[in-house]
Amino acid sequence: MKDSFGRTIDYLRVSVTDRCNFRCIYCMPEEGYPVSPKDELLTFEEMARLIHIAADLGIAKVRLTGGEPLLRRDLPQLIQQIARHPNITDISCTTNGFLLKSKAQELKDAGLHRVNVSLDTLEPERFQRIARRGALQQVLDGIDAALEAGLQPVKINCVLMKGVNEDEAVAFARLTLDRPLNVRFIELMPIRWNLDETEPMDPIAPLRGNRDLFRLRIAQDDGMLSDLQMRKMVVSCDTAREAIEKELGSLTPAAIPTNGPARNSRVKGAVGTIGFISQISNDLCDRCNRLRLTADGQLRPCLMADGEVDLRTPIRTGASDEELRDLFLQVVAAKPERHYLAEGQKVVGRGMSQLGG
Ligand code: SAM
Ligand code: SF4
């Protein structure tokens with residue numbers, strides 16, 4: 001599939017649940033997070049059908065995310081179903097790692113290729129401050145289990161925040177010295193732009209083609225970190241890189257398989273690699289190859305534009321594969337050239353746990 005700007009769209013991120021066993025400060029409020037009623041979440045049969053339709057159209061890579069995907073006990077069965085499609089060459093999963101220790105081998109056996117584990121601190125007390133649930137050691141054990149199961153490359157996603165864990169860039173970089181890990185620093189994204197801001201620009205304005213197809217969700221103020229708070233806490237990739245180079249020497253460019261948007265580098269002599277991801281700067285949009293399917297069955301062409309197309313209703317009212325294929329193609333056609341955050345566009349609809357970050 002090509003979008004209107006000639007980008008090949010071959011990557012689908014699927015949020016398999018909007019539930020989570022953590023409450024990360026930048027993603028969810030501590031209590032009272034609104035989740036969809038269970039009957040509004042896609043069943044795995046529905047998800048598998050949509051993923052196969054997407055694969056018929058050229059999707060080759062699927063990432064399972066959430067919410068916390070490992071909370072869905074039958075995740076291995078979904079992976080097996082996805083893996084059956086001959087066009088799918090890469091199945092990955094983003095997880096907080098808490099349940100990974102006991103599940104890594106089963107996931108690998110089901111056909112999962114690799115895993116990204118989100119981890120923002122190596123200090124147990126800070127872990128409680130950031131994730132507000134779970135336990136650091138269990139996540140570290142999960143990372144070991146993923147390596148042992150051969151879910152490689154194992155990537156670690158780390159969000160640095162001022163006043164919280166900004167001093168841990170070097171400690172994370174050290175993890176790569178003797179282990180085949182790809183540690184990626186991801187800039188904090190103030191994704192709930194509306195909460196303490198002025199009236200946002202029409203959030204679906206960037207979408208192209210048939211705008212009537214798209215629905216817009218507006219988030220309620222639910223107490224998670226606000227836009228302004230998050231913007232003040234961003235630690236730039238440049239800052240993280242500087243801190244690492246000061247301590248561990250110059251980083252050299254490194255190529256790794258399954259290279260996503262991260263620019264990868266290596267500390268001299270290290271086994272693993274380090275990546276830097278800045279979603280906010282524009283330079284990732286021209287390489288964007290993604291669509292996102294939310295846990296409640298909405299297909300979204302862009303993380304940073306709130307319009308989404310309902311696939312759940314058609315799939316539950318007897319739509320044919322042909323009709324669903326047509327909706328996929330319309331969403332691809334609507335994919336905006338880039339985000340317009342610098343021009344005042346706001347993302348107002350959903351938090352990352354609902355979107356499938
Ligand atoms: N629960 C799983 C996990 O944490 O890996 C998967 C879902 S989580 C929403 C996916 C990723 O989004 C995590 O790496 C998390 O750190 C990241 N994320 C969530 N909110 C974010 C934000 N406001 N800015 C940057 N990254 C964010
Ligand atoms: Fe849960 Fe992942 Fe969001 Fe943390 S980032 S609250 S682990 S969905």
Side-chain angles (χ1 to χ4, degrees), residues 13-35 63-72 75 92-100 103 114-121 127-136 138-139 142-143 146 154-162 164-165 172 182-193 195 219 222-237 240 260-262 275-281 284 290 292-295 303-304 341 347-357:
R13 285 191 173 218
V14 182
S15 173
V16 298
T17 176
D18 57 0
R19 270 85 171 155
C20 191
N21 44 0
F22 285 9
R23 293 287 182 277
C24 302
I25 49 174
Y26 45 67
C27 184
M28 288 186 173
E30 184 150 23
E31 300 293 343
Y33 194 64
V35 290
R63 173 170 298 278
L64 304 173
T65 175
E68 176 45 40
L70 271 52
L71 285 180
R72 298 263 327 222
L75 195 64
S92 58
C93 174
T94 303
T95 171
N96 62 29
F98 190 63
L99 300 173
L100 197 53
K103 300 202 170 177
R114 57 200 180 86
V115 74
N116 289 12
V117 181
S118 306
L119 178 61
D120 302 326
T121 179
F127 187 91
Q128 288 310 323
R129 184 169 161 207
I130 298 170
R132 300 187 290 195
R133 301 273 198 285
L136 174 62
Q138 202 154 324
V139 177
I143 293 169
V154 176
K155 300 186 181 181
I156 309 290
N157 290 352
C158 173
V159 178
L160 295 176
M161 291 164 276
K162 279 194 188 135
V164 182
N165 59 346
F172 272 93
N182 176 228
V183 170
R184 294 140 32 107
F185 295 98
I186 300 180
E187 281 178 7
L188 182 64
M189 286 182 278
I191 195 154
R192 305 297 291 278
W193 297 91
L195 299 181
D222 52 21
M224 83 183 229
L225 282 182
S226 73
D227 162 44
L228 208 57
Q229 286 169 312
M230 286 201 250
R231 273 200 258 177
K232 285 182 184 159
M233 291 164 78
V234 173
V235 175
S236 74
C237 286
F276 298 94
I277 304 184
S278 168
Q279 307 263 21
I280 299 300
S281 66
L284 301 182
R290 307 173 171 179
R292 286 184 148 81
L293 180 62
T294 66
L303 176 66
M304 302 289 185
L341 301 177
V347 182
V348 299
R350 293 173 182 260
M352 287 290 264
S353 65
Q354 296 168 318
L355 281 173

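Every number for a ligand or one of its atoms is a count from 1 in the order of the listing.
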Are E68 and T95 close enough that a side-chain donor and a side-chain acceptor fall under 3.5 Å?
yes
Any idea which heavy atoms bring [X] and [Y] closest together, and the distance?
X: A135; Y: F127; result: N-CE2, 3.5 Å
X: C237; Y: S278; result: SG-N, 4.1 Å
X: N165; Y: V159; result: ND2-O, 3.0 Å
X: A146; Y: V154; result: CB-CG2, 3.9 Å

Would you list the protein N, O or S atoms within less than 2.8 Å of atom 4 (Fe) of ligand 2, leaving out water?
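Near atom 4 (Fe) of ligand 2, below 2.8 Å, one finds C24 SG.
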Does the plane of the ring in F276 sit parallel, tilted or perpendicular to the ring in F185? Use 30° and 60° as the thresholds.
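Taking F185 first and then F276, their aromatic rings lie parallel (interplane angle under 30°).
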Heavy atoms only, cut-off 4.0 Å: how does [X] contact ligand 1, side chain, backbone, both, or neither?
X: L188; value: both
X: N157; value: side chain
X: T95; value: backbone

For N157, check side chain to side chain donor-acceptor pair (under 3.5 Å) against everything at least two apart and list the hits.
R184
Test applied, side-chain contact (heavy atoms from CB on, under 4.5 Å); reference residue, V139; option that passes from L99, L100, V117:
V117
Quick one: pull up CG in N116 and OG in S92 and give me the separation to the nearest 0.5 Å.
6.5 Å
Below 3.5 Å, N or O to N or O, backbone or side chain included: is there any such pair between [X] and ligand 1?
X: D120; result: no
X: S118; result: yes
X: E187; result: no
X: G67; result: yes

Between N182 and I156, is the side chain to side chain contact (heavy atoms under 4.5 Å, CB included) condition met? List the steps.
CA-CA 6 Å; N182 176 228; I156 309 290; over 6 Å; no
Can you name the atoms of ligand 1, numbered from 1 with element, that are less than 4.0 Å from a heavy atom of T65?
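Atoms satisfying the 4.0 Å criterion: 6 (C), 7 (C).
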Which ligand 1 atoms are under 4.0 Å away from a heavy-atom of V159?
16 (O), 26 (N)
Hey, mind stepping through R132 and I25 against side chain to side chain contact (heavy atoms under 4.5 Å, CB included) and telling me if it holds?
CA-CA 8 Å; R132 300 187 290 195; I25 49 174; 3.6 Å; yes
Should one rank M189, R63, E68, M161 by closest heavy-atom distance to atom 22 (C) of ligand 1, which comes out on top?
M189
